[in-house]
**Student:** 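Below you'll find the structure I mean.
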Amino acid sequence: MSGKENYYANHGQIIQDVRRYVKRSKIEQELLNRTLKDVHGSTNLVGMPRTGKSSIIYQTYLKNKNEYFAQNKIIIINLSMNEFDDAKQFFLRIAQLIMKFLKERQIDDDYLNSIYSMMPDSSDIYFELQMLLEAVRSDIGRIVCIIDEFDYSQRLFKDYPSGFNKLRELAYQPETDVTFVFVSRRLVRELVDSVGLTSPLVNILGSPIYVTPFDEVEFQEYLDKAADFGLELSDADRTNLMTITGKIPYLLDLLMYEYCNYDGKMKIKEIYEMKKGTLLEEFNHLSNLLQDQDLLKTLFMLLAKTEDNLDRAKLKTLTNYGLIIDDKQQYHFFPKNINVIFI
């Protein structure tokens, strides 16, 4: 494909280009209703890897953060929990991002500056953070704090389990009123349980918002966008693309990158054979995550059609993740060749 742009060259990255982004309208609206209205609360955006969680966050919050502040005095900050080695660094980073946001908008406050200057050497950084957040909430605006890779809270808060409760207090107390969006592979409830703690944090999150592989409407939009790039797929290629990838966004992009490279002259099935090793690595990673959550055994039992004594709660979790579809307790798998992949 000499000299021609490959629209899928950024696969695996956050999708900013609206020509490539497939709207997840229901998820986006749920996030907006929960976090950005006058009556608001924190939430947990949860889903398996490669399903597009970070792209949803970008399209819903980050690309519009200037407008949200100008119109509603909402300060949006975003950080990843896997960046930190200890809880103090994590809480300090929240303060740093708030101060950076204000500085970029020429908001300079002596009181905030004085609090912030004490934080790096503080023996109780949470106390200063709370003071800073109270001042921001009182005089400037409300904070929406998006914490990606929240699964790393297991490690970060292992020796500091009160970290979960401190986050809860920042959200719960009206003086701080921070709205958190916890982005994770596992439910926040499970992450809290993993450190042997019962925390009221989970009680303020409401029902989790699940990010699944594309549904039929979203998959069709994905194909329509490919057609806009001049990539018309045959019926057989469409079926194979859906069957092989399970409509998982990253896996779709992985195959479509090669399809675009070959100007649509290589069939999807041939591309699958060429990229099989990479796909198997992705599914091995997925199986490891399922094993960590004690879900893999249930999946194997379904694959083997050993459906006696199945754990209904685990079936519900697999359904929520979009890995199986419950059609009146007749379970279908995505990808459809999942039995070949996992056995």
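Reckoned from all heavy atoms, side chains included, excluding hydrogens, waters and symmetry mates.
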**Student:** Can you list the residues that meet the side-chain hydrogen bond (donor to acceptor under 3.5 Å, both in side chains) rule with E282, with sequence neighbours excluded?
**Tutor:**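 E282: side-chain hydrogen bond (donor to acceptor under 3.5 Å, both in side chains) contacts with R50.
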
**Student:** Can you list the residues that meet the ring-ring contact (aromatic ring centres under 6.0 Å, His included) rule with Y61, with sequence neighbours excluded?
**Tutor:**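 None.
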
**Student:** Is there a donor-acceptor contact under 3.5 Å linking the side chains of N6 and N261?
**Tutor:**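 Present: a donor and an acceptor within the cut-off.
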
**Student:** Measuring from I115:CD1 to M131:CE, what's the distance to the nearest 0.5 Å?
**Tutor:**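 It comes to 4.0 Å.
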
**Student:** Check E28 with K23, please: is the shortest side-chain N to carboxylate O separation under 4.0 Å?
**Tutor:** yes

**Student:** Sequence neighbours excluded, which residues qualify as ring-ring contact (aromatic ring centres under 6.0 Å, His included) partners of Y116?
**Tutor:** none

**Student:** Ignoring hydrogens and geometry, is there a side-chain-to-backbone donor-acceptor pair from D263 to K265 under 3.5 Å?
**Tutor:**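 Here the side-chain-to-backbone pair does not exist.
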
**Student:** How would you list all residue pairs meeting salt bridge (charged side-chain N to carboxylate O under 4.0 Å, His left out) that involve residues 193-209, not counting sequence neighbours?
**Tutor:**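 Applying salt bridge (charged side-chain N to carboxylate O under 4.0 Å, His left out) to every pair that reaches into residues 193-209, excluding sequence neighbours, yields nothing.
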
**Student:** For residues N78 and L97, report the shortest heavy-atom separation together with the two atoms involved.
**Tutor:** O-CD1, 3.5 Å

**Student:** Would a hydrophobic clustering, with Ile, Leu, Val, Met, Phe, Trp and Tyr connected at side-chain separations under 4.5 Å, put L251 with L233?
**Tutor:** yes

**Student:** I'd like to check T35 versus T60 (side-chain heavy atoms, cut-off strictly below 4.5 Å). Are they in contact?
**Tutor:** no

**Student:** In Å and rounded to the nearest 0.5 Å, what is the CG to OG distance from D237 to S234?
**Tutor:**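 Output value for this atom pair is 3.5 Å.
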
**Student:** List in chain and number order the residues that pass side-chain contact (heavy atoms from CB on, under 4.5 Å) with K65, two or more places apart in sequence or in another chain; answer none if no residue qualifies.
**Tutor:** I76, F101, R105

**Student:** Would you give the length of the straight line joining atom CG of L255 to atom OH of Y250, rounded to the nearest 0.5 angstrom?
**Tutor:**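 Reported value, rounded in 0.5 Å steps: 10.0 Å.
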
**Student:** Between I140 and L102, is there a side-chain heavy-atom distance shorter than 4.5 Å?
**Tutor:**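 Heavy-atom side-chain distance check passes, below 4.5 Å.
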
**Student:** Tell me whether L290 shares a hydrophobic cluster with I324, the cluster being built from Ile, Leu, Val, Met, Phe, Trp, Tyr side chains joined at under 4.5 Å.
**Tutor:** yes

**Student:** Pairs under 3.5 angstrom only: tabulate donor-acceptor contacts from the side chains of residues 175-184 to other protein residues two or more places apart or in another chain.
**Tutor:**
{"from": "T176", "atom 1": "OG1", "to": "L170", "atom 2": "O", "distance (Å)": "2.8"}
{"from": "T176", "atom 1": "OG1", "to": "Q173", "atom 2": "O", "distance (Å)": "3.2"}
{"from": "D177", "atom 1": "OD1", "to": "H40", "atom 2": "NE2", "distance (Å)": "3.1"}
{"from": "D177", "atom 1": "OD2", "to": "H40", "atom 2": "NE2", "distance (Å)": "3.1"}
{"from": "D177", "atom 1": "OD2", "to": "R137", "atom 2": "NE", "distance (Å)": "3.0"}
{"from": "D177", "atom 1": "OD2", "to": "R137", "atom 2": "NH2", "distance (Å)": "3.1"}
{"from": "T179", "atom 1": "OG1", "to": "R142", "atom 2": "NH1", "distance (Å)": "2.7"}
{"from": "S184", "atom 1": "OG", "to": "N44", "atom 2": "ND2", "distance (Å)": "3.1"}
{"from": "S184", "atom 1": "OG", "to": "R186", "atom 2": "O", "distance (Å)": "2.6"}

**Student:** Would you verify whether the NZ or CZ of R168 falls within 45 degrees of the ring axis of Y172 while also being under 6.0 Å from that six-membered ring's centre?
**Tutor:** yes

**Student:** N10 versus Q16: any side-chain heavy-atom pair under 4.5 Å?
**Tutor:**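 SC-SC contact between N10 and Q16 ruled out.
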
**Student:** Any side-chain donor paired with an acceptor under 3.5 Å for Y222 and D253?
**Tutor:**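 Checked: Y222/D253 side chains pair up, N/O donor to acceptor below 3.5 Å.
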
**Student:** Please give me the minimum heavy-atom distance between L156 and A87, naming the atom from each residue.
**Tutor:**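 Nearest pair, atom of L156 first, then A87: CD1-N, 4.0 Å.
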
**Student:** Ignoring hydrogens and angles, write down the donor-acceptor pairs under 3.5 Å from the side chains of residues 205-212, residues two or more places apart or on other chains.
**Tutor:**
none

**Student:** Ignoring hydrogens and angles, state whether a donor on the side chain of K63 or Q59 is under 3.5 Å from an acceptor on the partner side chain.
**Tutor:** yes

**Student:** Mind checking whether I14 and I27 sit in one hydrophobic cluster, side chains of I, L, V, M, F, W, Y counted as touching below 4.5 Å?
**Tutor:** yes

**Student:** Under 6.0 Å from the CG atom of D110, do we count more than 12 heavy atoms belonging to anything else shown?
**Tutor:** no

**Student:** Examine distances only and state if a side-chain atom of Q89 and a backbone atom of D85 form a donor-acceptor pair shorter than 3.5 Å.
**Tutor:**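 At least one qualifying donor-acceptor pair exists.
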
**Student:** Please report the C-alpha distance between D108 and N113 in whole Å, then the side-chain angles of each, then the deciding distance to 0.1 Å, and finally whether the side chain to side chain donor-acceptor pair (under 3.5 Å) criterion is met.
**Tutor:** CA-CA 8 Å; D108 190 25; N113 290 334; 2.8 Å; yes

**Student:** Among all residues two or more places apart in sequence or in another chain, which pass the ring-ring contact (aromatic ring centres under 6.0 Å, His included) test with F91?
**Tutor:**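 Scan of F91 (ring-ring contact (aromatic ring centres under 6.0 Å, His included), adjacent residues dropped) gives Y126.
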
**Student:** If you round to the nearest 0.5 Å, how far is CZ of F150 from CZ of R185?
**Tutor:**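 That separation rounds to 12.5 Å.
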
**Student:** Hey, could you give me the OG1/CZ distance between T298 and R312, rounded to the nearest 0.5 Å?
**Tutor:**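 Going from the OG1 atom of T298 to the CZ atom of R312 covers 10.0 Å.
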
**Student:** Counting only heavy atoms not in K88, do more than 12 fall under 6.0 Å of its NZ?
**Tutor:** yes

**Student:** Could you tell me which residues satisfy ring-ring contact (aromatic ring centres under 6.0 Å, His included) with F164, sequence neighbours excluded, listed by chain and number?
**Tutor:**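 With sequence neighbours excluded, F164 shows a ring-ring contact (aromatic ring centres under 6.0 Å, His included) to F157, given in chain and number order.
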
**Student:** Charged N to carboxylate O under 4.0 angstrom, E104 versus K100?
**Tutor:** yes

**Student:** In this structure, would I94 and I204 fall into the same cluster of hydrophobic residues linked by side-chain contacts under 4.5 Å?
**Tutor:** yes

**Student:** Indicate the atoms forming the closest heavy-atom contact of G47 with K53, along with that distance.
**Tutor:** O-NZ, 3.1 Å

**Student:** In chain order, what residues pass the salt bridge (Lys or Arg N to Asp or Glu O under 4.0 Å) check against D17, with sequence neighbours excluded?
**Tutor:**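 So D17 forms a salt bridge (Lys or Arg N to Asp or Glu O under 4.0 Å) with R19.
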
**Student:** Counting distance only, does the side-chain N/O of K225 pair as donor-acceptor with the main-chain N or O of V18 below 3.5 Å?
**Tutor:**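 Judged by distance alone, yes, a pair lies under 3.5 Å.
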
**Student:** Measure up the F90 and F84 rings against each other and bin them: parallel (under 30°), tilted (30 to 60°), perpendicular (over 60°).
**Tutor:** perpendicular

**Student:** Take atom CZ in R20; do more than 12 heavy atoms of anything else shown fall under 6.0 Å from it?
**Tutor:** yes

**Student:** Among E218, E216, E221, find the one that has a salt bridge (charged side-chain N to carboxylate O under 4.0 Å, His left out) with K247.
**Tutor:** E216

**Student:** For Y111, does its backbone N or O pair with a side-chain atom of S114 as donor and acceptor, under 3.5 Å?
**Tutor:** yes

**Student:** Decide whether Y259 and I248 are clustered together by the hydrophobic rule: side chain heavy atoms of Ile, Leu, Val, Met, Phe, Trp, Tyr closer than 4.5 Å, transitively.
**Tutor:** yes

**Student:** E169: what forms a salt bridge (Lys or Arg N to Asp or Glu O under 4.0 Å) with it, not counting sequence neighbours?
**Tutor:** none

**Student:** Taking the side chain from S122 and the backbone from M118, do they hold a donor-acceptor pair closer than 3.5 Å?
**Tutor:**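 Judged by distance alone, no pair lies under 3.5 Å.
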
**Student:** Do you know which two heavy atoms are closest between G246 and P213, and how far apart they sit?
**Tutor:** O-CB, 3.3 Å

**Student:** Rounded to the nearest 0.5 Å, how far does CD1 of I56 lie from OG1 of T51?
**Tutor:**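 Those atoms lie 7.0 Å apart.
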
**Student:** Name all residues meeting the salt bridge (Lys or Arg N to Asp or Glu O under 4.0 Å) criterion together with K166; count only those two or more places apart in sequence or in a different chain, and write none if there are none.
**Tutor:** none

